[in-house]
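Below is one structure, written out as structure tokens; the observations come after it.
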Amino acid sequence: MSDTPYAVLFPIALLGAVGGTLITLLITMPFAGVLIRYRATYAPKALQGLLTDEGEVQQSPSPSIGYIGMAKRVYRIEGWAGFYKGIMPSMISGLVTIVVISPFLVLMAIQAETPNGEKPVVVPWGPAFAVSIIPGLLIFPFQIVANRAITTPHKLASFAPSAALRVLLSPAERAQPLRLYLTPGVAFATLLEGLLGPFTILIDRLLGTGIFLQHHTLSLVGATVVTTLVATLFLTPLKVVATRLTLQRLGDEDTSVPSTVDESEFIALVEPVVDVRGVQEKRYTGLIDAGRAIVREEGVKVLFRAWWLTTLLLVGPVIGAVLVPAKVEVPPAF
């Protein structure tokens with residue numbers, strides 16, 4: 001065992017994690033913001049192809065705009081600043097995640113340390129499951145605020161949270177912020193997403209110790225391909241549906257700026273980047289209802305928007321989850 005006490009290593013590792021999170025956020029925020037806008041864009045089949053009085057297509061943006069097209073639209077309407085809308089709540093959620101998972105990571109590090117590195121490491125399923133589930137359940141209200149900040153047609157100041165929240169939250173949500181945890185379907189979607197971590201370990205165990213036991217390389221490749229494919233088919237529609245659900249405000253059918261707010265203090269974009277589902281439509285009541293409504297109103301293709309990007313984002317974590325069990329023995333849970 002190392003002579004360096006964990007009491008010394010922990011704050012150093014925590015500071016490093018905070019710095020790494022902020023740098024990562026600065027790099028990835030533009031891509032994530034475009035992705036959230038693309039998933040949130042409402043493109044009902046009933047309105048596709050309809051013309052305005054001027055003879056122009058009414059749909060804006062086009063339902064076939066694509067991820068790259070959405071990025072160009074963000075730049076044209078909002079400029080470079082638009083790529084960093086929602087960065088403050090995203091930053092807060094990242095920092096909260098680090099604080100929450102740090103004790104679990106320390107516990108797993110202690111469990112993983114062996115005298116000479118000869119014995120297989122036993123990682124308890126409890127901490128592994130907690131790292132996957134608990135942070136997401138705690139911070140998803142920040143993700144709700146971030147998604148609304150990214151898709152709002154208003155320009156919000158990063159360092160004026162009070163004014164921004166008057167736009168992003170309904171009066172009922174501002175009076176009782178904990179009601180964000182009751183947003184229909186979002187907690188369930190977060191729980192399902194958190195199960196992907198244990199799922200990748202399970203796939204590796206099934207493929208690595210059962211089917212391809214005699215061919216280790218084939219086992220790793222098979223586990224990576226199967227896990228990535230299944231996770232993409234599962235996660236892509238889940239993310240689209242969850243994004244739509246986060247934009248529904250509780251206790252207020254009108255998702256525009258509340259009447260109690262002086263709209264003159266907010267600058268509205270000349271042209272909104274995203275067309276969100278209007279209040280005249282029936283509200284989503286949950287995860288399943290939202291999925292069915294999207295298929296009925298917009299088509300099944302909408303559920304798989306930017307699937308290729310979801311696949312790219314999954315490849316790294318899946319490979320890591322598949323390779324780590326080659327050195328870490330996880331007790332079977334089934």
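Every pair passing ring-ring contact (aromatic ring centres under 6.0 Å, His included) that includes a residue from residues 72-96 is listed here, sequence neighbours excluded: Y75-W80, W80-F83. The ring-ring contact (aromatic ring centres under 6.0 Å, His included) pairs that include a residue from residues 161-189 are F140-Y181, where partners are two or more places apart or lie in different chains. Identified under the salt bridge (Lys or Arg N to Asp or Glu O under 4.0 Å) test for residues 284-294, with sequence neighbours left out: none. Among residue pairs with one or both ends in residues 294-313, those qualifying as ring-ring contact (aromatic ring centres under 6.0 Å, His included) are Y67-W308; sequence neighbours excluded. Within the structure, ring-ring contact (aromatic ring centres under 6.0 Å, His included) pairs that include any residue of residues 159-178 do not occur (at least two apart or interchain). Applying the salt bridge (Lys or Arg N to Asp or Glu O under 4.0 Å) definition to pairs two or more places apart or across chains, those involving residues 21-41 are R37-E78.
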Residues L26, I87; criterion side chain to side chain contact (heavy atoms under 4.5 Å, CB included); working and verdict
CA-CA 8 Å; L26 290 175; I87 192 171; 3.8 Å; yes
What's the verdict on side chain to side chain contact (heavy atoms under 4.5 Å, CB included) for L287 and L192, showing C-alpha distance, side-chain angles and the deciding distance?
CA-CA 11 Å; L287 195 65; L192 291 177; 3.8 Å; yes
Check the pair R148 / L247 against side chain to side chain contact (heavy atoms under 4.5 Å, CB included), numbers first and verdict last.
CA-CA 6 Å; R148 294 179 185 179; L247 302 182; 4.0 Å; yes
May I have the step-by-step check of side chain to side chain contact (heavy atoms under 4.5 Å, CB included) for L169 and L180, ending in yes or no?
CA-CA 9 Å; L169 302 181; L180 289 175; 4.1 Å; yes
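Looking at heavy atoms from C-beta onward, K239 lies in side-chain contact with E193 at the 4.5 angstrom threshold. At a threshold of 4.5 Å between non-hydrogen side-chain atoms, the residues Y42 and V274 do not count as touching. With contacts defined as side-chain heavy-atom distances shorter than 4.5 Å, the pair K85/T152 qualifies. Looking at I65 and T41, their side chains never come closer than 4.5 Å, going by heavy atoms from C-beta outward. For the pair M88 and P161, the minimum side-chain heavy-atom distance is 4.5 Å or more. Proximity of L229 to T311: side-chain heavy atoms (C-beta onward) are nowhere separated by under 4.5 Å.
Applying the side chain to side chain donor-acceptor pair (under 3.5 Å) criterion to T310, with sequence neighbours excluded, gives no partner residue. Looking at residues two or more places apart in sequence or on another chain, you find a side chain to side chain donor-acceptor pair (under 3.5 Å) between R76 and E271. Residues satisfying the side chain to side chain donor-acceptor pair (under 3.5 Å) test with T246, not counting sequence neighbours, are N147. By the salt bridge (charged side-chain N to carboxylate O under 4.0 Å, His left out) test, R244 is found to be paired with E298, residues two or more places apart in sequence or in another chain being considered. Every side chain to side chain donor-acceptor pair (under 3.5 Å) that Y284 has, sequence neighbours left out, goes to R277.
Closest approach of A146 and P89 over heavy atoms only: CA-CG, 3.7 Å. Here the shortest heavy-atom pairing between V273 and R73 reads O-NE, 2.8 Å. Between I139 and S93, the shortest heavy-atom contact is CD1-O, 3.8 Å. The two residues L250 and P184 come nearest to each other via the heavy atoms CD2-CD, 3.7 Å. When every heavy atom of T243 is checked against every heavy atom of A40, the shortest pair comes out as CG2-CB, 4.0 Å. Scanning all heavy atoms of the two residues, the minimum distance from S90 to M29 falls at OG-CE, 3.8 Å.
Here the straight-line distance linking atom OH of Y38 with atom CE of M70 works out to 8.0 Å at 0.5 Å rounding. The NZ atom of K72 sits 14.0 Å away from the CD1 atom of I77 when rounded to the nearest 0.5 Å. The CG atom of L22 lies 5.5 Å from the CG atom of L95; values are rounded to the nearest 0.5 Å.
Other residues sharing the hydrophobic cluster of I288, ordered by chain and number and joined by side-chain separations under 4.5 Å: none, the residue standing alone.
Under a hydrophobic-cluster definition in which Ile, Leu, Val, Met, Phe, Trp and Tyr are linked whenever side-chain heavy atoms come within less than 4.5 Å, directly or via other members, I23 and I92 are assigned to different clusters. Residues I68 and I150 share a hydrophobic cluster, clusters being chains of Ile/Leu/Val/Met/Phe/Trp/Tyr side chains in contact below 4.5 Å. Under the 4.5 Å side-chain heavy-atom criterion for Ile, Leu, Val, Met, Phe, Trp and Tyr, I27 and L313 are members of distinct hydrophobic clusters.
Although no hydrogens or angles enter the test, the distance criterion places a donor-acceptor pair under 3.5 Å between the side chain of E173 and the main chain of S170. Without hydrogens or angle criteria, T236 side chain to L233 main chain gives no donor-acceptor distance under 3.5 Å. Between the side chain of K301 and the backbone N or O of V295 there is no donor-acceptor pair closer than 3.5 Å. Between the side chain of R283 and the main chain of Q248, no donor-acceptor pair closer than 3.5 Å is present.
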